[in-house]
Number of protein chains: 2
Amino acid sequence: MNGWEDIRAEVLRRIRARDWPPGALIPGEEALAEEFGVARATVNRALTTLAEAGVIERKKRAGTRVAELPVRRARLEIPVIRLDVVARGLAYDFKLLEDRLAPAPVPVTARLGLPEGSPMRYLETLHLAGGRPYVLETRWLNPEVLPSPLPDFAAISANEWLVTHVSLVSGDIAFTAEPAGPREGKVMGLTPGTPLLVAERTTHGIAGAVTWVRLAHAPGHRVHMLF
Amino acid sequence: MNGWEDIRAEVLRRIRARDWPPGALIPGEEALAEEFGVARATVNRALTTLAEAGVIERKKRAGTRVAELPVRRARLEIPVIRLDVVARGLAYDFKLLEDRLAPAPVPVTARLGLPEGSPMRYLETLHLAGGRPYVLETRWLNPEVLPSPLPDFAAISANEWLVTHVSLVSGDIAFTAEPAGPREGKVMGLTPGTPLLVAERTTHGIAGAVTWVRLAHAPGHRVHMLF
DNA sequence: TTGGCTAATATGTCTAGACATAATCCCAAG
DNA sequence: CTTGGGATTATGTCTAGACATATTAGCCAA
């Protein structure tokens with residue numbers, strides 16, 4: 001008892017119970033330390049995590065106040081597709097449909113911050129769950145920043161190889177709803193126009209832009225996040 | 001320099017440079033503290049944040065090792081729709097289309113963990129950005145856990161009122177792509193069948209399930225996340 | 001060989017005190 | 001009345017040392 005997690009919980013309780021309403025200044029670390037009978041560092045640990053969570057806002061000299069509009073953050077764990085499928089209790093498989101070197105289209109180079117027309121590796125992969133189309137992956141890889149030798153992407157999916165072989169530093173994801181085009185229709189066995197949940201992802205590594213990928217998910221797919 | 005953030009950065013550098021490859025055991029806190037000339041608590045602070053970020057895995061007695069499959073997490077900041085629209089430089093407005101008490105449908109009560117047929121407040125709100133349909137919000141509210149008096153939802157959107165008046169504890173979001181139905185077609189001026197990005201959210205407060213909401217976004221909408 | 005106990009060990013947390021840093025308050029000079 | 005310093009103050013971080021706790025390696029007995 002009276003560990004930093006207990007103090008965090010008690011402070012959170014008072015905030016949620018509106019003992020300390022949004023915008024209110026809460027007692028200083030010294031005062032809380034005395035109240036709870038612990039060292040100031042312990043209170044600091046508790047309040048620091050609450051500040052990271054966006055529940056309170058802290059400023060030197062000005063003190064700590066309850067956030068007016070607590071920013072609600074949800075976390076998405078970006079899955080390796082194979083593990084995602086296996087976790088659903090389905091058999092995983094994939095087919096490499098295309099693999100060639102080509103100058104990347106402008107939208108891709110633009111998002112990755114590479115010169116127009118850079119030669120890149122283009123891969124098109126169909127991921128299967130229980131034998132049925134699950135995700136159509138369209139990927140452009142920047143060969144410049146990849147460690148050699150490159151693997152046989154027909155044997156290991158690019159998705160998985162990248163995670164284990166390249167240090168990924170930052171990136172972004174965008175979700176959109178798009179109608180299935182003729183390509184998705186043919187490859188995934190869908191009526192063109194069917195709504196698909198599409199994730200577009202750019203990824204940067206320690207040595208620069210690594211990859212741009214578009215994942216078109218089979219109809220009905222849900223992307224789930226907790227907060 | 002040699003603050004905990006510098007130590008964090010240096011450890012991260014060694015991991016990304018593969019000086020310490022995935023799965024490798026890294027030196028203990030005591031050893032690192034000596035190497036960097038700081039107290040063990042400082043190293044601990046640095047490594048703790050790296051563990052939270054999923055870069056390393058720590059176990060008592062067993063030591064600290066570099067994560068094999070670093071879980072990549074993306075963070076989504078759940079916006080108040082009005083602020084989201086204003087941030088895009090567009091004028092915000094909304095219309096309350098429906099407001100009534102009714103027994104909630106089974107999928108809603110099931111997700112919220114409430115008894116079947118519970119009477120709930122149903123609200124349908126169309127959010128406008130620059131005068132054009134932006135999001136169609138379909139919401140079921142649990143009146144049991146809301147503070148009174150309830151506001152006039154024609155004057156303040158439920159979205160915004162909840163954030164400032166109810167302490168929200170946890171919840172989940174799911175994104176899907178769905179074809180526009182006749183209702184969305186009529187209200188948002190779309191051809192039925194148009195792909196829409198739909199977010200479904202359940203929210204729990206300190207006193208229990210608060211609300212279930214479905215947000216159907218106008219075509220072209222992108223939900224953006226960084227990692 | 002196997003199961004369970006014990007001791008060793010790395011991380012987790014706490015304390016008390018110190019100095020650093022950023023923001024604010026307040027007063028004096030213009 | 002405005003503005004520029006300085007004093008004040010709350011948080012941020014660090015240290016050195018201590019005890020707590022989880023986990024494992026090794027040992028011993030069934």
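All chains are named by letter (A, B, ...) in the order of the sequence lines, taking the proteins before the strands, and each is independently numbered beginning at 1. This structure is a prediction, so every number in the text was calculated from the model and none was measured. Atoms considered below: every heavy atom in the structure, side chains included; atoms not considered: hydrogens, waters and symmetry mates.
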Asker: Just the rounded figure in Å: distance from C1' of dA20(D) to NZ of Lys60(B).
Answerer: 7 Å
Asker: When the nearest nucleotide of DNA chain D is assigned to Glu29(A) and to Gly3(B) on a heavy-atom basis, which residue is associated with the more 5' position?
Answerer: Glu29(A)
Asker: Using a cut-off of strictly less than 4.0 Å, decide whether Thr64(B) has a side-chain nitrogen or oxygen near OP1 or OP2 of dA10(C).
Answerer: no
Asker: Quick one: does Arg61(A) reach the base of dT8(D) with a side-chain donor-acceptor pair under 3.5 Å?
Answerer: yes
Asker: Starting at atom CD of Glu34(B), determine the distance to atom P of dA10(C), rounded to an integer number of angstrom.
Answerer: 14 Å
Asker: If we only count heavy atoms from C-beta on, is the Arg139(B) to Thr211(B) side-chain gap below 4.5 Å?
Answerer: yes
Asker: Within this structure, what is the CD-to-C1' distance between Glu57(B) and dA10(C), rounded to whole angstrom?
Answerer: 16 Å
Asker: Compare side-chain N and O positions of Thr48(A) against OP1 and OP2 of dT11(D) and report whether any pair is under 4.0 Å apart.
Answerer: no
Asker: Mapping Gly28(B) and Ala41(B) to their closest nucleotides on DNA chain C, which lands nearer the 5' end?
Answerer: Gly28(B)
Asker: Within this structure, what is the CG-to-P distance between Asn2(B) and dG12(D), rounded to whole angstrom?
Answerer: 21 Å
Asker: Could you state the CG-P distance from Asp6(A) to dT13(C), rounded to the nearest angstrom?
Answerer: 11 Å
Asker: Does a side-chain N or O of Lys59(B) approach OP1 or OP2 of dT24(D) to a distance below 4.0 Å, or not?
Answerer: yes
Asker: Please pick, from dT15(C), dT23(D), dT24(C), the nucleotide with the shortest atom-to-atom distance to any side-chain atom of Ala39(A).
Answerer: dT15(C)
Asker: Would you mind telling me which of dT15(C), dA23(C), dC14(C) lies closest to the side-chain atoms of Trp4(A)?
Answerer: dC14(C)
Asker: Look at the aromatic rings of His127(B) and Phe94(B) and report parallel, tilted or perpendicular, splitting at 30° and 60°.
Answerer: tilted
Asker: Under 4.0 Å: is that the gap between some side-chain N or O of Asn44(B) and OP1 or OP2 of dT11(C)?
Answerer: no
Asker: Angle class for the Trp161(B)/Phe153(B) ring planes (parallel below 30°, perpendicular above 60°, tilted otherwise)?
Answerer: perpendicular
Asker: Send over the distance from Glu30(A) CD to dT11(D) P, rounded to a whole Å.
Answerer: 9 Å
Asker: Over how many whole Å does the gap from Arg65(A) atom CZ to dT11(D) atom P extend?
Answerer: 11 Å
Asker: Val213(B) vs Glu137(B), test: side-chain contact (heavy atoms from CB on, under 4.5 Å). Steps then yes/no.
Answerer: CA-CA 7 Å; Val213(B) 62; Glu137(B) 173 184 316; 3.6 Å; yes
Asker: Report the nucleotide, chosen from dG12(C), dT23(D), dG12(D), that has the shortest atom-to-atom distance to any side-chain atom of Arg58(B).
Answerer: dG12(C)
Asker: Side chain of Arg40(B): nearest nucleotide among dA18(D), dT11(D), dA16(D)?
Answerer: dA18(D)
Asker: Using a 6.0 Å distance limit plus a 45 degree cone around the ring axis, check whether Arg45(A) lies over the aromatic ring of Trp4(A).
Answerer: yes
Asker: Nearest to the Ala62(A) side chain among dT21(D), dT13(D), dT24(C), which nucleotide is it?
Answerer: dT24(C)
Asker: Given side chains that start at C-beta, do those of Met225(B) and Leu76(A) come closer than 4.5 Å, heavy atoms only?
Answerer: yes
Asker: Using whole Å, what does the distance between atom P of nucleotide dC25(C) and atom CG of Leu25(A) come to?
Answerer: 11 Å
Asker: Looking only at the side chain of Thr42(A) (C-beta and beyond, no hydrogens), which of the listed nucleotides dC14(C), dA10(C), dT24(C) gets closest?
Answerer: dC14(C)
